[in-house]
Asker: 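Pasting a structure below so you can have a look.
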Amino acid sequence: MKIEDNIETFNSLLRRRGFIWGPSPEIYGGLAGFYSYGPAGKALKNNILSKFRLELRAFGFSEVECPQILPEIVWEASGHLERFIDPVFRCQECETMLRADKFLREQLPNTTIDGLTFEEMGEIAFIHKLKCPKCDTHLEKIEKHNLMLKTSVGNGVTAYLRPETATTTYLLFNRLNQDARRQYPIKVFQYGKAYRNEISPRQLVLRMRAFDQFEIQLFIGKEQEYNFEEYNEISQKELPLLDWQTQEKNVLVPNRISLKQAIKTNMLKKPAFAYCLFLGYYLTSKLGFPDEVIRLRQHSPQEMAHYADDAWDLEINTKQFGWVEICGIHDRTDYDLKRHGQFSKQNFNIPMGTDQNLKEIPQILEIAFGPDRIIYTLLESNFSVEDERIILKIEPDIAPNLVAVFPLVKNKENIFNLAKKVHRLLLDSRISSFFDSAGSIGKRYRRQDELGTPYCITIDYESLDDNTVTIRHRDTMEQKRVLISEIIDYINKK
RNA sequence: GCGCUUGUAGUAUAGUGGUAAUAUGCUGGCUUCCCAAGCCAGUGUCCCGGGUUCAAUUCCCGGCAGGCGCACCA
């Protein structure tokens with residue numbers, strides 16, 4: 001049987017081995033943009049999250065959790081209500097949808113489009129007799145496409161499912177400020193679901209309508225952004241940076257330069273923001289991506305979100321979809337807190353600098369991960385086919401199973417029982433172990449290769465005499481004989 | 001959302017106006033002291049709805065879903 005090393009093999013592996021299933025619900029034909037994780041996928045995701053939580057704890061961050069449904073005023077204040085509703089021309093004849101503002105700008109380069117109401121855009125199209133590029137019908141009617149999912153709560157109160165977790169974290173500002181006893185920066189993160197009503201979701205879990213976000217926030221003073229203690233510890237670190245000016249020259253290869261150098265050349269302005277880039281890159285590199293598939297790409301001023309002053313995407317190069325953003329790092333300035341202060345009539349002005357008489361609204365720096373995108377890109381970049389063998393070279397500490405235990409043959413009772421005992425021993429030490437006795441030993445090794453299990457333990461005839469087992473390594477297929485009593489040490493040491 | 005295209009076991013595919021197949025997987029058994037071996041037995045499939053027809057998985061229409069292109073992706 002010939003196994004092709006291609007993307008089709010990978011895609012069917014995702015389903016076969018229980019990583020990603022969907023669109024869900026599959027038995028009813030599915031709804032686009034909604035996927036489920038099977039046991040292997042969910043285990044992988046959980047392990048990644050545990051790792052992130054552990055790391056962030058070490059960096060001084062704490063976790064919060066907020067509701068997913070919030071009243072309209074929140075999204076009015078955040079700017080999402082305005083920005084997430086797109087004006088769209090819908091052709092009466094062929095139903096083609098065109099982004100109105102963009103279309104007008106292309107068709108009428110000398111007319112100012114920015115700041116027009118949707119009605120005014122419709123009028124302009126009417127006056128200039130603009131036609132549908134597909135079928136030549138006159139365009140007039142503007143529709144609104146809302147990227148936020150609307151719902152109503154209780155007695156008809158309009159609310160929206162959050163399109164990002166970040167905003168919900170900001171709503172806690174007063175509480176966090178008290179809780180942290182005004183020790184700045186306040187470092188928090190939130191993990192949870194966010195929802196976007198995408199027009200046509202595609203590309204598996206890369207663009208879902210319900211997806212996970214893992215968003216890390218720093219509330220920080222202006223002065224501190226430029227004089228940030230923790231920056232000094234990491235200023236020598238080299239990151240693969242690609243600034244927007246370089247991209248304009250059509251160069252798309254990142255430059256490995258130190259953060260210090262980036263600040264010096266003005267590629268980055270704020271040391272605290274440089275620290276955020278580092279943190280995003282650090283967490284990513286902990287997951288086992290090869291260096292050459294990671295880059296940090298800066299947004300051009302036109303590409304930037306409405307709240308951002310500087311924005312970088314941490315991207316992974318994939319075979320199937322090219323460069324994929326798995327993390328966005330944004331300098332959101334005081335935009336969010338300013339707006340929420342205004343709309344909620346709260347006073348977010350607090351003393352932050354060396355001069356305690358000067359009050360200011362804190363700045364926010366954000367590192368926003370998309371865990372679903374991490375799962376996909378990590379699986380794809382860890383996937384390989386070697387000598388007719390499909391392997392996921394997942395880092396041991398995040399692999400769905402850390403070990404699998406096999407009896408060499410299953411019809412010898414004492415071997416089978418000893419294998420069960422070893423499996424139990426591992427489980428009792430809370431090591432994720434998987435027991436398998438079905439099929440030939442080779443077949444069982446291959447099954448685990450496809451799940452990315454780093455170690456397979458086999459109990460053979462020799463084990464009965466001397467209490468040793470073989471530990472077989474996923475990547476090299478090498479085997480080591482180890483005493484049963486030393487298995488746990490051996491695995492942990494690796 | 002538009003255009004083109006596709007939808008058959010868990011996965012990958014073949015095929016047909018008379019309800020279906022190949023490989024692999026999976027389950028049980030035999031065998032086997034280490035990398036998808038072998039033998040035996042078993043398991044399981046035509047996306048959904050409507051129409052045409054004596055008869056539809058097959059043809060037609062609609063829907064849903066996937067792929068590609070366009071658009072969208074704060």
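Throughout, a chain's letter reflects where its sequence line sits, starting with A, and its residues are numbered from 1.
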Asker: Kindly express the pairing pattern of RNA chain B in dot-bracket notation, using | wherever a base pairs with another strand and counting only Watson-Crick or G-U pairs under 3.5 Å.
Answerer: (((((((..((((....[..))))((((((.......))))))...(((((..]....))))))))))))....
Asker: Which pair of non-hydrogen atoms, one from L451(A) and one from L392(A), has the smallest distance, and what is that distance?
Answerer: C-CD1, 4.3 Å
Asker: I'd like to know if T9(A) reaches the base of rA12(B) with its side chain, counting only an N/O donor and acceptor under 3.5 Å.
Answerer: no
Asker: Expressed as a whole number of angstroms, how long is the span from I20(A):CD1 to rU11(B):P?
Answerer: 14 Å
Asker: Please classify the nucleic acid contact of E450(A) as base, sugar-phosphate, or nothing, using heavy-atom distances under 4.0 Å.
Answerer: base
Asker: Would you find a donor on one side and an acceptor on the other, under 3.5 Å apart, between the side chain of T377(A) and the backbone of I316(A)?
Answerer: no
Asker: Under 4.0 Å, counting only non-hydrogen atoms across every strand here, what does R196(A) touch: a base, just sugar-phosphate, or nothing?
Answerer: base
Asker: Do we get R209(A) above Y195(A)'s six-membered ring, with its NZ or CZ under 6.0 Å from the centre and within 45° of the axis?
Answerer: no
Asker: With a 4.0 Å cut-off on heavy atoms, is R444(A) in touch with a base, just the backbone sugar-phosphate, or nothing at all?
Answerer: nothing
Asker: Tell me if the side-chain of R447(A) makes a donor-acceptor pair with the base of rA36(B), cut-off 3.5 Å, by modelled atom types.
Answerer: no
Asker: Categorize E26(A) for me: base, sugar-phosphate, or nothing, with a 4.0 angstrom heavy-atom threshold over every strand shown.
Answerer: nothing
Asker: Starting at atom CZ of F321(A), determine the distance to atom P of rG69(B), rounded to an integer number of angstrom.
Answerer: 11 Å
Asker: In whole Å, I'd like the distance from the CG atom of D460(A) to the P atom of rU32(B).
Answerer: 16 Å
Asker: To the nearest Å, how far apart are L464(A) CG and rC33(B) P?
Answerer: 13 Å
Asker: Do Y445(A) side-chain and rC34(B) base share a donor-acceptor contact under 3.5 Å?
Answerer: yes
Asker: Does NZ or CZ of R297(A) lie under 6.0 Å from the centre of the six-membered ring of W312(A), at an angle within 45° of the ring axis?
Answerer: no
Asker: Select base, sugar-phosphate, or nothing to describe what D449(A) touches, counting heavy atoms under 4.0 Å on all strands.
Answerer: nothing
Asker: Ignoring hydrogens and geometry beyond distance, is the side chain of R472(A) in donor-acceptor contact with the base of rC35(B) at under 3.5 Å?
Answerer: yes
Asker: Roughly how far apart, to the nearest Å, are rG50(B) and rU57(B) at atom C1'?
Answerer: 16 Å
Asker: Give one of base, sugar-phosphate or nothing for S12(A), where a contact means two heavy atoms less than 4.0 Å apart.
Answerer: sugar-phosphate
Asker: Looking at rA74(B), does its base get a donor-acceptor pair with the side chain of E198(A) below 3.5 Å?
Answerer: no
Asker: What contact category does L31(A) fall into here, base, sugar-phosphate, or nothing, at under 4.0 angstrom with non-hydrogen atoms?
Answerer: sugar-phosphate
Asker: Is any N or O donor-acceptor pair between the side chain of R209(A) and the base of rC73(B) shorter than 3.5 Å?
Answerer: no
Asker: With no angle test and no hydrogens, is the base of rC34(B) tied to the side chain of T470(A) by a donor-acceptor pair under 3.5 Å?
Answerer: yes
Asker: Just the rounded figure in Å: distance from C1' of rC73(B) to NE2 of H80(A).
Answerer: 13 Å
